[in-house]
2 protein chains.
Amino acid sequence: MGNATTGDGQHSEWRPVRRTRTFEAVLDRIDERIASGELRVGDRLPGERQLAALLGVSRPSVREAMRVLEARGVLTAQTGSGPDAGAILVADPGRALSGLVGTHLGLSAFALADVVEARWAIERLAVETAAREADAADLAPLRKAVAEMRAPGLELAAFHELDTAFHVGLAELSGNPLLVAFMTAIRTSVHRYAARAVEEMTDTAAGVTALTDDHARILAAIEDGDAERAVAALDTHLRRAYPRVDRGTGTDTGTGTGTGTGTEQRERP
Amino acid sequence: MGNATTGDGQHSEWRPVRRTRTFEAVLDRIDERIASGELRVGDRLPGERQLAALLGVSRPSVREAMRVLEARGVLTAQTGSGPDAGAILVADPGRALSGLVGTHLGLSAFALADVVEARWAIERLAVETAAREADAADLAPLRKAVAEMRAPGLELAAFHELDTAFHVGLAELSGNPLLVAFMTAIRTSVHRYAARAVEEMTDTAAGVTALTDDHARILAAIEDGDAERAVAALDTHLRRAYPRVDRGTGTDTGTGTGTGTGTEQRERP
DNA sequence: TCCCGTTGTGTGGTCTGACCACAGCAAGGT
DNA sequence: ACCTTGCTGTGGTCAGACCACACAACGGGA
């Protein structure tokens, strides 16, 4: 890998040099300072004009680099003056990942089934870790979310909010910000594409109840420190939420035929 | 969540409206066409000038939107004329994710341990799927990579190449492009930060041999369709490669004290 | 007729210089 | 002591110009 002669006889393919564009050079300079620890979360970058002058490039080039950093979730920009104004380094991988996954989902680069499968991989680990390490205090917000799901006459949108809070909270229990970011991204991008299907559920009340019970079961297993049971409960839950998506796992199934979300699945080639 | 009155008495906090910037509007228009399927991989966008005119904005605004799409890995731009020139939609989530994870790693938003843990979550699923579904033909490239790792006097850089090829190939067996993208991103970003440590290994030859044997064991288990053994072998491998990183899993350990990569670990708060 | 420079045209890449809206802050007036 | 009023610096936006590049059509020469 990396050499030419891919087998088709001709040894051409000398292209991929691609002279670096100046905004990429700007990006590199900033990345260097980030990697070296010179720039940290909360720090302010010099103003666009000043940075352009310092680097010897034009302001548009600097701005394009800014946009990339913003797309990576490490920068926000505020107008005005004062301490909060300007370009400030942040760490918001969740939002950035959401955009990325969402766009690729739209491009059909991923199928919904792929995203759900990845979610299963992430969440399984989160649940295992939580069952091993979480104590009662950590679980309080999750318990609260589950309790609120049982409120009579709950709006579907509100249920979604709580559901997201529950699952992101689960990821947070792992203590791993990368997993939290993935979970956030997966939730929001799937939400955009599957919300409509959920609204069309035949018996929403029963569905909500079943899903809420799933949550409670996951929580109870974590509370007992029973990782295996927690993972099984999670598996049941995901199968219920995405019945048409084959995640292909060997773990035990639960009731199986639940009130489903009804999301389309892609054929595998 | 989402309401004001955070508890500090005053009910201010009416800020987060944030007038959308014009490049974001451009982004939305393009995203719409992507989500609707009107734009697909391989399609060309109108030229920057033309697009600016069509949307009634300036060219810099269009360009900033382009940079974001490029950062998401859905667009590449080529100068010149002809069929390959212009802005073309692609699906390259791996490169985009690499930049994202790498930058956040530099910002210490993630620790190396977090990344390795996420890798474990992803790769475990990939290996399980592979053990269940892969046939001999699918495994040929992996077998080749392992064989080449045994070449005498192999350069460390070459070993890294083969190692990456092996693990990315493992992810490809899952048939899930999202997992492949994650794997690619994790490999490249970890590589940037850990390559130095690997070069400082005390006994490189023995280490390479041990890691290669790990690969062979994983492969053999997949070949036998034994998911459990494959996962255990993977676990052993990762523990050997990142001995100082506690991934915290209950599965069986292997020889334990292998020649390590020697990567630092973050304290958990 | 065929080949091969030449020129044309459209692409992204870059720069300059200007103006706007906004938010904070300091100087001034009340 | 308070409020008003500008000043200043921030990002956001725009118009217009020029460059390097690469293909494609043209035209002259063999």
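Lettering of chains follows the sequences in order, A, B, ..., and the numbering in each one begins at 1.
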By nearest atom, which of the nucleotides D/dT13, C/dT11, C/dT14 is closest to the A/R21 side chain?
C/dT14
Euclidean distance, atom CG of residue A/L27 to atom P of C/dT14 [Å, nearest integer]:
12 Å
Report yes if the side chains of A/T164 and A/R187 come closer than 4.5 Å at any heavy-atom pair, otherwise no.
yes
B/D43 with B/R33: basic N within carboxylate O range, under 4.0 Å
no
Whole angstrom value for the distance that separates P of C/dG13 from CZ of A/R67:
17 Å
Report the distance from atom CD of B/E48 to atom P of D/dG16, rounded to the nearest whole Å.
17 Å
Send over the distance from B/R44 CZ to D/dA22 C1', rounded to a whole Å.
12 Å
Between B/H191 and B/H160, what is the ring plane arrangement, given parallel below 30°, perpendicular above 60°, and tilted in between?
perpendicular
Using atom CE of A/M66 as one end and atom P of D/dG11 as the other, report the distance to the nearest whole Å.
6 Å
B/Q78 has an atom CD; how far is it from atom C1' of C/dT11, in whole Å?
11 Å
Can you tell me how far P of D/dG12 sits from CG of A/L51, to the nearest Å?
14 Å
Counting heavy atoms not belonging to B/R29, are there more than 12 under 6.0 Å from its CZ?
no
Decide yes or no for B/R67 and B/E70: does some side-chain heavy atom of the first lie under 4.5 Å from some side-chain heavy atom of the second?
yes
Strictly below 4.0 Å: does A/R63 bring a side-chain N or O up to OP1 or OP2 of D/dG11?
no
CG/A/L154 to CD/A/E161 distance, rounded to the nearest 0.5 angstrom?
10.5 Å
Atom CG of A/D84 to atom P of C/dA23: distance rounded to whole Å?
12 Å
Tabulated below should be each protein N or O lying under 3.5 Å from an N or O of nucleotides 15-22 of chain C; please produce it.
{"from": "C/dC15", "atom 1": "OP2", "to": "A/S58", "atom 2": "N", "distance (Å)": "3.3"}
{"from": "C/dC15", "atom 1": "OP2", "to": "A/S58", "atom 2": "OG", "distance (Å)": "2.9"}
{"from": "C/dC15", "atom 1": "OP2", "to": "A/S61", "atom 2": "OG", "distance (Å)": "2.8"}
{"from": "C/dA18", "atom 1": "N6", "to": "A/R59", "atom 2": "NH2", "distance (Å)": "3.4"}

